[in-house]
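Every heavy atom of this structure was used, including side-chain atoms; hydrogens, water molecules and symmetry mates were not. Quantities reported herein were computed from a predicted structural model and do not represent experimental measurements.
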Amino acid sequence: MGKALLISVAVIATCGLVYELIAGALASYLLGDSVTQFSLIIGTYLFSMGIGSYVSKYFEKNLLKRFIQVELAVGLIGGFTATILFLSFEFISSFRILLFSIVVITGALVGLEIPLLMRILKDHYDFKDLVSKIFSIDYVGALFASILFPLVLVPYLGLMRTSFLFGTLNIVVGIWTIY
């Protein structure tokens, strides 16, 4: 179980950053002023991840079940983010409220993932090894996403298909964890 969950760290790290990049790109495309939009999205997303990390301490039982639920929720919300934002932009006068609500929810859910995994895996590794493994894999996944997003995903898939693809990956991690 330990190695399988460590592999899932790479997938969820990549997915988490891709959702952040999708929100930033969409905000930039739809609202203009890319520096402001990316700065606000990144700051809000990171803050929300901190909220999720903090809230994780209140999950005391059935951690594996909670992790699976988080993965399924992140997959559904993250997977439909681009579609929801594109379709609603023309029809919602308070688009920024919807945009930042999605960013906060997604960020908080992504912030739950690593603390839950660390608590699930704590009996499989020494603490120092667990922290170094989780965070090094997490950061490599983030690097992978930051390279893949502008060079492959957006040019060849676009934002909506990229959003669906990575939502599907989070759902696959959740289902894979069941088995």
Side-chain angles (χ1 to χ4, degrees), residues 8-56 66-114 116-117 138-177:
S8 70
V9 171
V11 175
I12 64 176
T14 304
C15 291
L17 187 59
V18 166
Y19 299 139
E20 185 177 358
L21 293 170
I22 286 169
L26 277 167
S28 178
Y29 293 161
L30 298 173
L31 300 172
D33 190 5
S34 62
V35 172
T36 299
Q37 301 313 322
F38 268 99
S39 295
L40 292 173
I41 294 296
I42 290 169
T44 303
Y45 193 87
L46 290 172
F47 174 75
S48 301
M49 286 175 65
I51 292 170
S53 292
Y54 181 80
V55 168
S56 73
R66 296 290 177 232
F67 175 74
I68 292 165
Q69 291 170 337
V70 167
E71 288 310 296
L72 297 177
V74 171
L76 288 172
I77 295 167
F80 285 100
T81 292
T83 302
I84 290 167
L85 292 175
F86 269 132
L87 292 177
S88 65
F89 179 71
E90 186 176 338
F91 302 106
I92 295 181
S93 60
S94 53
F95 176 76
R96 281 185 173 87
I97 293 172
L98 175 63
L99 169 67
F100 284 98
S101 295
I102 290 172
V103 168
V104 167
I105 292 167
T106 306
L109 288 169
V110 168
L112 281 166
E113 292 172 324
I114 296 298
L116 287 176
L117 275 175
D138 184 52
Y139 296 146
V140 168
L143 174 65
F144 184 66
S146 69
I147 293 168
L148 195 63
F149 187 77
L151 300 177
V152 177
L153 297 171
V154 174
Y156 295 102
L157 294 179
L159 291 175
M160 287 203 295
R161 281 183 274 184
T162 297
S163 186
F164 285 132
L165 172 64
F166 282 85
T168 301
L169 288 174
N170 268 119
I171 290 170
V172 166
V173 166
I175 292 170
W176 184 37
T177 305

Could you give the side-chain donor-acceptor pairs of residues 83-91 under 3.5 Å, partners two or more places apart or in another chain?
{"residue": "Ser88", "atom": "OG", "partner": "Ile84", "partner atom": "O", "Å": "2.7"}
{"residue": "Ser88", "atom": "OG", "partner": "Leu85", "partner atom": "O", "Å": "3.4"}

To the nearest 0.5 Å, how far apart are [atom1] in [X] and [atom2] in [Y]?
{"X": "Thr162", "Y": "Tyr156", "atom1": "OG1", "atom2": "OH", "result": "12.5 Å"}
{"X": "Leu157", "Y": "Leu165", "atom1": "CG", "atom2": "CG", "result": "6.5 Å"}
{"X": "Leu26", "Y": "Leu21", "atom1": "CG", "atom2": "CG", "result": "11.0 Å"}
{"X": "Leu159", "Y": "Thr81", "atom1": "CG", "atom2": "OG1", "result": "11.0 Å"}
{"X": "Thr177", "Y": "Glu71", "atom1": "OG1", "atom2": "CD", "result": "6.5 Å"}
{"X": "Glu113", "Y": "Ser8", "atom1": "CD", "atom2": "OG", "result": "8.5 Å"}

| field | Leu151 atom CG, neighbour heavy-atom count above 12 within 6.0 Å | value | yes
| request: Answer yes or no: are there more than 12 heavy-atom neighbours, outside Phe38 itself, under 6.0 Å from its atom CZ? | output: yes
For the student: nearest non-hydrogen atoms of [X] and [Y], plus distance:
{"X": "Leu98", "Y": "Ile92", "result": "CD2-CD1, 3.7 Å"}
{"X": "Ala27", "Y": "Gln37", "result": "O-CG, 3.5 Å"}
{"X": "Ala13", "Y": "Gly141", "result": "CB-CA, 4.0 Å"}
{"X": "Gly78", "Y": "Ser163", "result": "O-OG, 2.6 Å"}
{"X": "Gly75", "Y": "Ile171", "result": "CA-CG1, 3.9 Å"}
{"X": "Ile41", "Y": "Ala23", "result": "CG2-CB, 3.8 Å"}

| field | Steps toward side-chain contact (heavy atoms from CB on, under 4.5 Å) verdict (Ile22, Phe166) | value | CA-CA 11 Å; Ile22 286 169; Phe166 282 85; 5.9 Å; no
| message | One pair to check against side-chain contact (heavy atoms from CB on, under 4.5 Å): Leu109 and Thr106. What are the steps and the verdict? | response | CA-CA 5 Å; Leu109 288 169; Thr106 306; 5.9 Å; no
| said: Does Phe144 form a side-chain contact (heavy atoms from CB on, under 4.5 Å) with Val18? I'd like the steps, not just the answer. | reply: CA-CA 10 Å; Phe144 184 66; Val18 166; over 6 Å; no
| So do Val74 and Cys15 actually touch side chain to side chain, heavy atoms under 4.5 Å? | no
| Is there any side chain to side chain donor-acceptor pair (under 3.5 Å) pair reaching into residues 11-28, and which pairs are they, with sequence neighbours excluded? | Tyr19-Asn170
Side-chain donor-acceptor pairs of residues 42-55 under 3.5 Å, sequence neighbours excluded:
{"residue": "Thr44", "atom": "OG1", "partner": "Leu40", "partner atom": "O", "Å": "2.7"}
{"residue": "Tyr45", "atom": "OH", "partner": "Gly16", "partner atom": "O", "Å": "2.8"}
{"residue": "Ser48", "atom": "OG", "partner": "Thr44", "partner atom": "O", "Å": "2.8"}
{"residue": "Ser53", "atom": "OG", "partner": "Met49", "partner atom": "O", "Å": "3.1"}
{"residue": "Ser53", "atom": "OG", "partner": "Gly111", "partner atom": "O", "Å": "3.0"}
{"residue": "Tyr54", "atom": "OH", "partner": "Lys57", "partner atom": "NZ", "Å": "3.2"}

| request: Go through Leu143 and Leu17 one step at a time and tell me if the side-chain contact (heavy atoms from CB on, under 4.5 Å) criterion holds. | output: CA-CA 9 Å; Leu143 174 65; Leu17 187 59; over 6 Å; no
